[in-house]
*Asks:* 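One structure follows; several queries about it will come next.
Positions are given from 1, in the same order as the sequence printed here. Just so you know, these numbers use all the heavy atoms, side chains as well, and skip hydrogens, waters and symmetry mates.
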Amino acid sequence: MSAAPLDRLRTRIAATGAPLCLGIDPHPERLPEDLSPDARGVEAFARGLLEATAEHVVAVKLNVAFFEALGASGWAVLERVRRDVPAELVVVLDAKRGDIGPSAERYASGLFGHLGGDAVTLSPYLGEDAIEPFLAWEDRLVYVLARTSNPSAGRLQDLAIEGEPLHLAVARWIADAWPGGRVGLVVGATAPGELERVRGAVPGPAFLIPGVGAQG
């Protein structure tokens with residue numbers, strides 16, 4: 001049985017010297033010209049990225065939407081790619097789920113059970129009901145959206161709640177509610193000011209920081 005995701009993260013960070021996570025978001029229309037814009041091309045692209053970078057990273061973040069959009073063939077690709085990620089790397093399924101308890105339980109069963117993900121991204125909008133069913137899976141990790149990297153993120157995430165932006169209130173809630181290390185925050189690198197402020201306010205939770213490198 002492989003080590004728990006947190007232990008594997010620590011081991012890989014020590015081995016590589018940097019907490020780099022490879023994001024795989026394979027848009028069929030933006031693949032290299034020699035790859036077909038379909039499930040076959042997506043799989044070849046994802047595997048090529050893994051082969052080229054696996055030795056340098058601690059985790060792989062698979063954006064579930066880019067596979068789901070291709071239907072059954074895309075889901076099959078996701079299953080195969082996830083299965084072939086080297087065992088020492090942590091697999092983050094970037095699904096951004098957020099639903100009430102029973103639905104969250106089924107999402108968790110699909111992402112952690114069927115796909116065998118080590119971690120998942122979740123929306124905080126529905127509160128604990130949307131998060132705790134994932135934490136029922138022993139040793140798995142959760143990253144909750146706080147301050148995201150998209151252009152219109154501030155419309156809601158920067159709303160003032162008792163004198164501070166909503167994303168900071170979310171960060172404090174997560175840090176206070178689940179301090180054990182299994183629940184972290186998604187804070188975009190494209191908002192460096194907010195990133196610095198959130199880290200200053202909540203030094204404890206791990207951060208998943210998308211937005212380093214090419215975007216879009």
*Asks:* Salt bridge or not between Glu43 and Arg82? Use side-chain N to carboxylate O under 4.0 Å.
*Replies:*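 Result for this pair is no, no salt bridge flagged.
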*Asks:* Give a yes or no on whether Leu208 and Tyr107 share a hydrophobic cluster (residues Ile, Leu, Val, Met, Phe, Trp, Tyr; joining criterion: side-chain heavy atoms under 4.5 Å apart).
*Replies:*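 Looking at the clustering, Tyr107 is in a separate group from Leu208.
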*Asks:* Determine whether Asp158 and His167 make a side-chain contact, defined as any pair of heavy atoms from C-beta on separated by less than 4.5 Å.
*Replies:*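 Sidechains of His167 and Asp158: in contact.
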*Asks:* Look at the side-chain heavy atoms of Ile, Leu, Val, Met, Phe, Trp and Tyr, link any pair under 4.5 Å apart, and say whether Leu115 and Phe66 land in one connected group.
*Replies:*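 In one cluster: no.
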*Asks:* Do the non-hydrogen side-chain atoms of Glu194 and Gln157 ever get within less than 4.5 Å of each other?
*Replies:*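 A side-chain contact under 4.5 Å is absent here.
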*Asks:* Does Arg140 qualify as a cation-pi partner of Phe134, given the criterion of NZ or CZ under 6.0 Å from the six-membered ring centre and within 45 degrees of its axis?
*Replies:*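 No cation-pi geometry.
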*Asks:* Show, in sequence, the C-alpha distance, side-chain angles and deciding distance for Val202 and Trp173, and conclude whether the side-chain contact (heavy atoms from CB on, under 4.5 Å) test is met.
*Replies:* CA-CA 10 Å; Val202 289; Trp173 165 52; over 6 Å; no
*Asks:* Mind checking side chain to side chain donor-acceptor pair (under 3.5 Å) for Glu132 and listing every partner two or more places apart, or none if nothing turns up?
*Replies:*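 Glu132: no side chain to side chain donor-acceptor pair (under 3.5 Å) contacts found.
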*Asks:* What I'd like to find out is whether the side chain of Thr53 reaches to under 4.5 Å of the side chain of Val60, using heavy atoms alone.
*Replies:*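 The answer is no; the side chains never approach within 4.5 Å.
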*Asks:* Keeping the roles fixed (side chain from Arg147, backbone from Val187), state whether a donor-acceptor pair exists under 3.5 Å.
*Replies:*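 Checking the backbone N and O of Val187 against the side chain of Arg147, no donor-acceptor pair under 3.5 Å is found.
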*Asks:* Kindly compute the distance separating SG (Cys21) from OH (Tyr143), expressed to the nearest 0.5 Å.
*Replies:*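 Going from the SG atom of Cys21 to the OH atom of Tyr143 covers 8.0 Å.
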*Asks:* Does the pair Arg8/Asp118 count as a salt bridge with the N-to-O cut at 4.0 Å?
*Replies:*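 Judged by the 4.0 Å cut-off on N to carboxylate O distance, Arg8 and Asp118 do form a salt bridge.
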*Asks:* I'd like to know if the side chain of Thr11 reaches the main chain of Asp7, judged simply by a donor and an acceptor atom lying under 3.5 Å from each other, with no hydrogens or angles considered.
*Replies:*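 Yes; at least one donor-acceptor contact below 3.5 Å.
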*Asks:* Rounded at 0.5 Å granularity, tell me how far CZ in Arg40 sits from OG in Ser73.
*Replies:*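 Those atoms lie 10.5 Å apart.
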*Asks:* Please tell me if the side chains of Leu70 and Pro28 come closer than 4.5 Å, counting only heavy atoms from C-beta onward.
*Replies:*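 SC-SC contact between Leu70 and Pro28 confirmed.
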*Asks:* Under 4.5 Å between any side-chain heavy atoms of Leu89 and Val58, yes or no?
*Replies:*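 With C-beta onward as the side chain, the pair stays apart.
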*Asks:* Give a yes or no on this: more than 12 heavy atoms of other residues, nucleotides or ligands lie within 6.0 Å of atom CZ of Arg80.
*Replies:*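 Yes, because the 6.0 Å sphere around CZ of Arg80 holds more than 12 heavy atoms from other groups.
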*Asks:* Measure the CD-CZ distance between Glu79 and Arg83 for me, rounded to the nearest 0.5 Å.
*Replies:*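 The distance works out to 7.5 Å.
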*Asks:* Heavy-atom distance under 4.5 Å between the side chains of Val92 and Val120, does that happen here?
*Replies:*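 Not touching, per the 4.5 Å side-chain cut-off.
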*Asks:* Roughly how far, to the nearest 0.5 Å, is the CG atom of Asp94 from the CG atom of Asp25?
*Replies:*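 Here the rounded value is 7.0 Å.
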*Asks:* Give the minimum heavy-atom separation between Leu22 and Leu49, together with the two atoms involved.
*Replies:*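 Heavy atoms of Leu22 and Leu49 come nearest at CD2-O, 4.1 Å.
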*Asks:* Do the charged groups of Glu51 and Arg47 touch, with an N to O distance under 4.0 Å?
*Replies:*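 A salt bridge is absent here (no side-chain N lies under 4.0 Å from a carboxylate O).
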*Asks:* Using modelled atom types and a 3.5 Å cut-off, is there a donor and acceptor pairing between side-chain atoms of Thr121 and backbone atoms of Lys96?
*Replies:*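 Such a contact is found between Thr121 side chain and Lys96 backbone.
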*Asks:* Please say whether more than 12 non-hydrogen atoms of neighbouring residues, nucleotides or ligands are located less than 6.0 Å from CD in Glu196.
*Replies:*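 Count not over threshold, so no.
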*Asks:* Say you draw a straight line from OG of Ser149 to CD1 of Ile209; how long is it, rounded to the nearest 0.5 Å?
*Replies:*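 Rounded to the nearest 0.5 Å, the OG-CD1 separation comes out at 11.0 Å.
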